[in-house]
Amino acid sequence: MTTANTLKRCLSIVAIAAGATLSTPAAAVPVLLGNATLNSADDLTVIQDGSQVLQFLDFSATQGVSVANSLATYGASSFRWATGTEVAQLYAAFGFTYQSIATTFAILNVPTANAASFISYLGTTVGDAALGWIDDNTTANFHTYACISVATCNANAFVENTRSFWPEHPEFAVYLVRDQPNSVPEPGTLMLFGIAFVAAASKRGQSFLRS
């Protein structure tokens, strides 16, 4: 086999391999990556949903603190009040789903083991429960919070919009989240890099063949 044919075959293999590696993945389910540390050991819970990596702050950091004061304290570290969508991502990483509600009460029917896992990562000091405000359907009249528990709150988990306990309550915390600093490049960025690499290799091969 000539040098030219060998080079062409190598370039074809590179292109095929790059195409297989850089193909768009199927829709991912949020996964729990583990803990990280902000101020104290393991005070962050890290999840990944596709290319997005999110860090949620432990409830113990904001328990009994208003949303405004929580944001004033942790906003400088890029934390924001988690939306219903972000909370849904967090819940899915622990194996249960969150249904957005308007001005009512919804039981999530979370398995006890899943609730216990969630509490071990993010729980407050309120026994075996984790309670937090969610920036979802919060308005001037209704304020969304969730209770994830093993044996309290009258259910393993529920979400409720209420006028009570606002803007702070000694048992409630705030769902605070931020994008993980220095996250890996998104798949789209990696794909563009791969295409550029293959194109450069092809151009160099053509120059070699002409010489």
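Just so it is clear, the structure is predicted and the values come from calculations on it, not from any experiment. Reckoned from all heavy atoms, side chains included, excluding hydrogens, waters and symmetry mates.
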Compare all side-chain heavy atoms of [X] with those of [Y] and state whether any distance is below 4.5 angstrom.
{"X": "Arg80", "Y": "Asp179", "value": "yes"}
{"X": "Asp136", "Y": "Thr83", "value": "no"}
{"X": "Leu33", "Y": "Ile47", "value": "no"}
{"X": "Gln55", "Y": "Pro181", "value": "yes"}
{"X": "Gln180", "Y": "Gln48", "value": "no"}

Using 30° and 60° as the class limits, which term best fits the ring planes of Tyr91 and Phe118: parallel, tilted or perpendicular?
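Ring orientation, 0 to 90° scale: perpendicular.
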With a 3.5 Å cut-off and no angle check, do the side chains of Gln63 and Thr125 form a donor-acceptor pair?
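Judged by distance alone, the side chains do pair up.
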Closest heavy-atom contact between [X] and [Y]?
{"X": "Pro111", "Y": "Asn156", "answer": "C-ND2, 4.0 Å"}
{"X": "Ala115", "Y": "Ser149", "answer": "CB-O, 3.1 Å"}
{"X": "Ala36", "Y": "Val46", "answer": "CB-CG2, 3.8 Å"}
{"X": "Val110", "Y": "Ala157", "answer": "CG2-CB, 3.4 Å"}
{"X": "Gly132", "Y": "Tyr175", "answer": "O-CE1, 3.4 Å"}

Of Ile134, Thr104, Thr144, which is the lone residue that meets side chain to side chain contact (heavy atoms under 4.5 Å, CB included) with Asn161?
Thr144
Is [X] reaching over with its side chain to a backbone N or O of [Y], donor-acceptor style, under 3.5 angstrom?
{"X": "Asn69", "Y": "Val65", "value": "no"}
{"X": "Ser70", "Y": "Ser66", "value": "yes"}
{"X": "Thr124", "Y": "Ala129", "value": "yes"}

Members sharing Tyr74's hydrophobic cluster (side chains within less than 4.5 Å)
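Answer for Tyr74: Leu38, Leu44, Leu57, Val67, Leu71, Phe79, Trp81, Phe105, Ile107, Val126, Leu131, Trp133, Tyr145, Phe158, Phe165, Trp166, Phe172, Val174, Leu176.
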Stepwise ring pair (Phe, Tyr, Trp, His ring centres under 6.0 Å) test for Tyr121 and Phe56
CA-CA 10 Å; Tyr121 272 85; Phe56 287 83; over 10 Å; no
Set of side chain to side chain contact (heavy atoms under 4.5 Å, CB included) partners for Thr139, sequence neighbours left out
Asn141, Phe142
side-chain contact (heavy atoms from CB on, under 4.5 Å) between Asn35 and Thr45, worked out:
CA-CA 5 Å; Asn35 293 112; Thr45 296; 4.1 Å; yes
Checking [X] now: which residues fulfil side chain to side chain donor-acceptor pair (under 3.5 Å) with it, not counting sequence neighbours?
{"X": "Asp42", "value": "none"}
{"X": "Glu168", "value": "none"}
{"X": "Ser60", "value": "none"}
{"X": "Asp135", "value": "none"}

If hydrophobic clusters are built by linking Ile, Leu, Val, Met, Phe, Trp and Tyr wherever their side-chain heavy atoms come under 4.5 Å apart, do Leu54 and Ile148 end up in the same one?
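Yes, because Leu54 and Ile148 connect within a single hydrophobic cluster, where side-chain heavy atoms sit under 4.5 Å apart.
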Test side-chain contact (heavy atoms from CB on, under 4.5 Å) applied to Ile119 and Val150, step by step:
CA-CA 9 Å; Ile119 293 162; Val150 174; 3.9 Å; yes
Report the distance from atom CG of Leu90 to atom OG1 of Thr85, rounding to the nearest 0.5 Å.
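It comes to 12.5 Å.
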Output for pair (Thr138 OG1, His143 NE2), nearest 0.5 Å, gives 7.0 Å
